[in-house]
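Read through the structure below, which is laid out as structure tokens, and then see the notes.
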Protein chains: 2
Amino acid sequence: MNITIKDIAELAGVAKSTVSRYLNGGNVSEKTKEKIRKVIAETNYEPNSFAQSLKAKKTNFIGVIAPTLDSYVTSTVLMAIDEELRKRDYTTLIISTSKHVEREIESLISLSRQKVDGIILIATGVTEKHIETINSIQIPVLIVAQEVDQCNCIINDDYQAGYKMGQYIVGKGHLSVAYIGVTESDIAVGQRRKQGILDGLAEAGVSDIKTYISEFDLHDAAKVTNDMLENFTPTAIICATDTIAFGAMKTISKLGKKVPDDFSLTGFGGYNISEVIHPALTTIRFKNEATGVMAAETIIKMTEGYGVPELQVSGFEFVEGESVKSLKS
Amino acid sequence: MNITIKDIAELAGVAKSTVSRYLNGGNVSEKTKEKIRKVIAETNYEPNSFAQSLKAKKTNFIGVIAPTLDSYVTSTVLMAIDEELRKRDYTTLIISTSKHVEREIESLISLSRQKVDGIILIATGVTEKHIETINSIQIPVLIVAQEVDQCNCIINDDYQAGYKMGQYIVGKGHLSVAYIGVTESDIAVGQRRKQGILDGLAEAGVSDIKTYISEFDLHDAAKVTNDMLENFTPTAIICATDTIAFGAMKTISKLGKKVPDDFSLTGFGGYNISEVIHPALTTIRFKNEATGVMAAETIIKMTEGYGVPELQVSGFEFVEGESVKSLKS
DNA sequence: CGTTGAATTGGAACCGGTTCCTAAAATGTT
DNA sequence: AACATTTTAGGAACCGGTTCCAATTCAACG
């Protein structure tokens, strides 16, 4: 049904090895080249890349496992990875796990069956089981967004980013601060980012800090904020992500209060939507594109057997919006 | 280097055909089953799915070509497609073209080499060349978001959605309306949606309608809005997408005006971010998840040779926010 | 205990390419 | 024209699976 190299060979009256040589730029005389060229054009023949990689022992596939596609951060990183990999003649195989952790394991295994040359895992949390699976499949794995011992990782500089934000809030004269974070099972955001913020605040002597925990979604963040404000009235609310900040903002305006007049508010992430929202959110923008490019470069090096540093850190920039009020006179 | 079925066979002391039968649930005695099970467990053997599909003439891959990953609509549709395909044991191969149209053609060809079983093309515009390529590769292609003669398509009900919006605006008493649309080369959004809106407005006798054209991005929309307001002061601005509406909103607040007091504003799309923004945007929410599921179901039917309707229409719902003022007393 | 039929197993061919090796053809050299 | 050298072409084996077919084993039955 489908056209194969054998058909081309027969139609052109040559051996399939000759066709193969023609396709891969080997020694073929002009006369036979012409014959083959003609037949291929007529038949719309496309070589079966599965059969090719079977022999080549190299698929030029890189698998990327992402927790979701509909988050700004993930999709930006994915786009950058895809772009960079394409430039280098790799095909990106994106798998979304819809935030089901067990699917990350399944996906690692299923990608290993596809014999991808390498895997980039955009992680939210890495368990024992992950590490076990990573070790059992014989394929290089690069972890993005979480730090794991003995594994190659690319992470954001969460501690420094948090520290910077803490210092900024202190600098604006806030002494009573709430932090809405996420579960500590998330090392990067839940632990490092938080620690940076706390240290940044603490260094200048801010003591009245209360911390809360929210899910990553807007609605839960709104609820957590609401619960918090019943018992505690800070001057500034630092949120672990922009989405959480949006949730907080929603609750604040529902209560008839205003940002930044009643509460100063900050996030982390740097969604481009932030600039539309009024007031523009003060936040930290992580360099997601750079992370993606770095991830693509790194995984290729790994598949080629070159050594790469175990831990690489991607940068960020501070984005000053209008959501923080200065309490200094 | 990598473990193959041959290795398993030798280690277990059986023929490779027996191992294959074991893996695919054929007739194998308990005793041999046990031997093979043990060897596979020890070696972490994973069958090479390339070699499998080579013989099976079926890869269980479905390719999806998307213009970008970082748009709410695209990623929602993608997630739904992926989810549904996984349920049915297909692997989704997502390719992003970063809005380069020529890459859509390239991707069609490259997917045909991967011998995917079917292709879903999330399109922004379909040219002659597209159709030529679609016909030349021997693989079922389903087009999402654009309508093309002789091709299987799933589209939003843009005309009806536009009509509904037009009627709504008229119903609120607006007589002087601006429409910020997009290029007519986009049949769905640029032509159908616009026509629906114009018809919806015209039916009630609104005559003072001016139309403008913007790119799909926020910044251009802001600029277009700005230029428009120098010459024309409508009471309502209907935007072809939510993003364009956000751009318009940005300009409006920059000019010190307010929505909906000075201008009523509407969009199309139904981003979840819309509810955060104050005032909440009145918009049309297309059922993107349903579209994704429908796309997945349809492409599978197509690969299995079942007939499917050439054109399928996905639904929408009207979302009333706070961005439209009633001019009726 | 020999026969029969079903269950189990091994061997070989095949899927669609690539590559190695050798034979034939083309070209150059004296 | 005879020989050496380089190009070009074909045949066969291989990549890692699946599947068909024939051979063997096994249990049941008369």
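Computed from a predicted structure; not experimentally measured. Protein chains get the first letters and strands the later ones, always in sequence-line order, with residue 1 at the start of each.
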| request: For the helix from C:dC1-D:dG30 to C:dT30-D:dA1, measure the angle between the helix axis at one end and the axis at the other, each built from five pairs, rounding to 10°. | output: 50°
| request: Look at the aromatic rings of A:Phe61 and B:Phe61 and report parallel, tilted or perpendicular, splitting at 30° and 60°. | output: parallel
| Annotated protein contacts, base or backbone, on nucleotides 12-25 of chain D with a non-hydrogen cut-off under 4.0 Å, one of B, S, - each | --BBBBBB------
| task | Please indicate whether B:Lys129 has more than 12 foreign heavy atoms, meaning atoms of other residues, nucleotides or ligands, lying under 6.0 Å from its NZ. | result | no
| Rounded interatomic separation in angstrom, taking OH from A:Tyr22 and P from D:dG10 | 16 Å
| field | B:Glu304 atom CD, over 12 foreign heavy atoms within 6.0 Å | value | yes
| said: Please report the distance, rounded to the nearest Å, between CG in A:Asn27 and P in C:dA26. | reply: 15 Å
| query | Between A:Asp186 and A:Gln146, does any side-chain donor sit less than 3.5 Å from a side-chain acceptor? | reply | yes
| Less than 4.0 Å between a side-chain N and a carboxylate O, is that true for A:Lys38 and A:Glu34? | no
| Would you say B:Asp157's side chain and B:Gly315's backbone share a donor-acceptor pair under 3.5 angstrom? | no
| message | Quick check on side chain to side chain contact (heavy atoms under 4.5 Å, CB included): which of A:Thr97, A:Ile122, A:Thr124, A:Thr74 does A:Thr68 satisfy it with? | response | A:Thr74
| message | Can you tell whether the side chains of A:Glu84 and A:Lys87 come within less than 4.0 Å, N to carboxylate O? | response | yes
| remark: A:Glu30 CD to D:dT7 P, in whole Å, measures 15 Å
| query | Below 4.0 angstrom from OP1 or OP2 of C:dT9, is there any side-chain N or O of B:Thr32? | reply | yes
